[in-house]
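Below is one structure; the comments refer to it alone.
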Amino acid sequence: MVIVGGGPGGYEAALVARQLGADVTVVEDKGLGGSAVLTDVVPSKTLIATAEFMTTTESAPSLGILSSGDGGDGVGVDFEMIDRRVLDLAKAQSKDIRTRLEREGVAIVNGTGRLEGSGCVVATTKHGQQRLPADVILLATGARPRTLETAQPDGERILTWTQLYDLVEAPEHLIVVGSGVTGAEFAGAYQALGAAVTLVSSRDRVLPNEDADAAELIEAVFRRRGMEVLSRSRAAGVRREGDRVMVDLVDGRVVEGSHCLIAVGGVPNTEDLGLETAEVRTTASGHIAVDRVSRTTARGVYAAGDCTGVLALASVAAMQGRIAMWHALGDAVSPLDLAQVSANIFTAPEIATVGIPESDITTGKVRGAVTMLPLARNPRAKMLGISEGFVKLFSHRASGLVVGGVVVAPRASELIHPITLAIANRLTVDQVANAFTVYPSLSGSIAEAARVLHDKRG
Ligand SMILES: Cc1cc2nc3c(=O)[nH]c(=O)nc-3n(C[C@H](O)[C@H](O)[C@H](O)COP(=O)(O)OP(=O)(O)OC[C@H]3O[C@@H](n4cnc5c(N)ncnc54)[C@H](O)[C@@H]3O)c2cc1C
């Protein structure tokens, strides 16, 4: 088994393949853990951990907490230390993954892998080329930041998300181009860390592909905290003028700041993989086409993660990789089911989702019922000083099965799990409602939403 790429898609697959007794080699060119660990998930969520702490100080005065300032604003951040912590943590996590793989007996080749037909990978390392014949190959090469021709990152002031952690000071005024998940997360985090932030969004609202109520709420929170959100504003280009950056909008306006983060999505790392030598088909966007058990169009060649464009999440990459190995090695396997994927946007408050979107119900695609409970009514939320957020639950009318949910709350990423469990195990709203929740607790709102849906069956 040869795996090209050591991110979550690759390293989780390697562990499964070893467990099933295969000889496994991972070829990785940057570091174990991949972009997920080195530049994307781990660094961003570590930075956001500090930012989250800063946003919780917002409610301090109303909870009776005094600070050295005039009520909450006596707290500051040490940017250099935050960035050092981010990079150290990423490095340590990468090292842990390498140690684990080595302990399990996975061979690791530091280099770049390329297909030579469907039965061999050629690795280019600093010592030369190495041929690695394989019965099964998994491609898990991930993606990299998309940049615009007219907005070339310089690593100093015009940045991709992989370049943010070399800044030693908080940007005085950060302009974030792109209001998808990555743009929204960083815009919120840097604002919490003390930067002035302008979010440039080409769409009507931030997070255009997410639950509309959640996106509206987070945009209102951003604005309340002083962020400038420019909706329906497409960036034409970004340029440097000395120590300033100028973002030119298509309509002729110019936004000036000290730094600019380009967050306009990713492109798959599939160009130099020798895909044509094995007749591995790609889609129009350059992603590797796969089925629900991660097979490509070439026999014995599988693909997982961001290079497939199925759903750009570390959890999905890891599951696609495991499924590939279970399938290739003849173990029991269930095809990938995206309806069971829970996802989280690490803004403050967080936005977590699972199952079908509400639009499937409002458009009549699913005959379902919806209930939404504001967190402000939840007793624990009142005690914690939480006034923004909600729990939304979707059920199937005829069967009463839970089919989806949205939680907007601090640590929504943890609160979504009972809803995920309900969907994965085909629980009805009554079963969810009848399980005890702690009093008082935020999860009490999930049980209450399920109780409300009891009356919407039929
Ligand atoms: C800022 C940001 C934050 C994110 N936060 C989250 C989050 O909180 N939760 C979540 O689930 N997802 C998150 N994601 C998405 C997540 O990072 C990706 O879905 C995940 O990294 C995909 O894993 P992967 O294994 O496909 O690829 P990667 O993690 O990109 O790993 C692929 C590896 O393959 C290597 N490689 C490429 N080509 C070759 C080659 N030819 N030979 C050898 N090696 C090669 C690359 O260098 C890389 O190390 C985030 C993404 C971004 C951009």
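Order of listing sets the numbers, starting from 1, for every ligand and every atom in it. This is a predicted model, so every value here is computed, not measured.
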Which of the numbered atoms in ligand 1 are below 4.0 angstrom from a heavy atom of [X]?
{"X": "L273", "value": "41 (N)"}
{"X": "A312", "value": "15 (C), 19 (O)"}
{"X": "S315", "value": "11 (O)"}
{"X": "G9", "value": "25 (O)"}
{"X": "K45", "value": "3 (C), 4 (C), 5 (N), 6 (C), 7 (C), 8 (O)"}

So which protein heavy atom does [atom] come closest to, and at what separation?
{"atom": "atom 37 (C) of ligand 1", "value": "T141 O, 3.2 Å"}
{"atom": "atom 50 (C) of ligand 1", "value": "V41 CG2, 4.0 Å"}
{"atom": "atom 21 (O) of ligand 1", "value": "A36 CB, 3.2 Å"}
{"atom": "atom 42 (N) of ligand 1", "value": "G113 N, 2.8 Å"}
{"atom": "atom 30 (O) of ligand 1", "value": "S35 OG, 3.1 Å"}
{"atom": "atom 12 (N) of ligand 1", "value": "A314 N, 3.2 Å"}
{"atom": "atom 27 (O) of ligand 1", "value": "G142 CA, 3.3 Å"}
{"atom": "atom 36 (N) of ligand 1", "value": "D29 OD1, 3.5 Å"}

Starting from the C-alpha separation in whole Å, work towards a yes-or-no answer on salt bridge (charged side-chain N to carboxylate O under 4.0 Å, His left out) for R295 and D291.
CA-CA 6 Å; R295 280 180 296 196; D291 64 11; 2.8 Å; yes
Verify, without hydrogens or angle tests, whether [X] (side chain) and [Y] (backbone) share a donor-acceptor contact under 3.5 angstrom.
{"X": "T296", "Y": "V301", "answer": "yes"}
{"X": "T57", "Y": "T55", "answer": "no"}
{"X": "E219", "Y": "V206", "answer": "yes"}
{"X": "R18", "Y": "A22", "answer": "yes"}

Ligand 1 contacted by G111 (non-hydrogen, < 4.0 Å)
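Per 4.0 Å heavy-atom rule, G111 contacts ligand 1.
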Please report the interatomic distance [atom1]([X]) to [atom2]([Y]), rounded to the nearest 0.5 Å.
{"X": "T270", "Y": "H287", "atom1": "OG1", "atom2": "NE2", "answer": "7.5 Å"}
{"X": "L375", "Y": "R380", "atom1": "CG", "atom2": "CZ", "answer": "12.0 Å"}
{"X": "E216", "Y": "L207", "atom1": "CD", "atom2": "CG", "answer": "12.0 Å"}
{"X": "L139", "Y": "L115", "atom1": "CG", "atom2": "CG", "answer": "5.0 Å"}
{"X": "S258", "Y": "R157", "atom1": "OG", "atom2": "CZ", "answer": "6.0 Å"}

Evaluate [X] for polar contact with ligand 1, using N/O atom pairs at a separation under 3.5 Å.
{"X": "G10", "value": "no"}
{"X": "V4", "value": "no"}
{"X": "S44", "value": "no"}
{"X": "E28", "value": "yes"}
{"X": "T112", "value": "no"}
{"X": "D306", "value": "yes"}
{"X": "F186", "value": "no"}

Of V109, T124, V122, V121, which meets side chain to side chain contact (heavy atoms under 4.5 Å, CB included) against Q130?
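The residue from V109, T124, V122, V121 that satisfies side chain to side chain contact (heavy atoms under 4.5 Å, CB included) with Q130 turns out to be V109.
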- [ ] Just go through G305, P8, G7 and tell me whose heavy atom is the nearest to atom 23 (O) of ligand 1.
- [x]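 That would be P8.
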Just jot down the ring pair (Phe, Tyr, Trp, His ring centres under 6.0 Å) partners of H327, sequence neighbours excluded, or say none.
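For H327 the ring pair (Phe, Tyr, Trp, His ring centres under 6.0 Å) partners, ignoring immediate neighbours, are Y302.
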Exercise. Looking at E210 and R203, does any basic side-chain N land under 4.0 Å from a carboxylate oxygen?
Worked result: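 Result for this pair is no, no salt bridge flagged.
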Between T182 and ligand 1, which part of the residue brings a heavy atom under 4.0 Å of the ligand: side chain, backbone, both or neither?
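Only the side chain of T182 comes within reach of ligand 1.
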Discussion item. Under 4.0 Å, heavy-atom basis, I'd like to know which part of A317 is in contact with ligand 1: side chain, backbone, both or neither.
Written reply: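 Side chain only.
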Residue pairs passing the side-chain hydrogen bond (donor to acceptor under 3.5 Å, both in side chains) test where at least one lies in residues 27-39, sequence neighbours excluded:
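Matches after skipping sequence neighbours: none remain.
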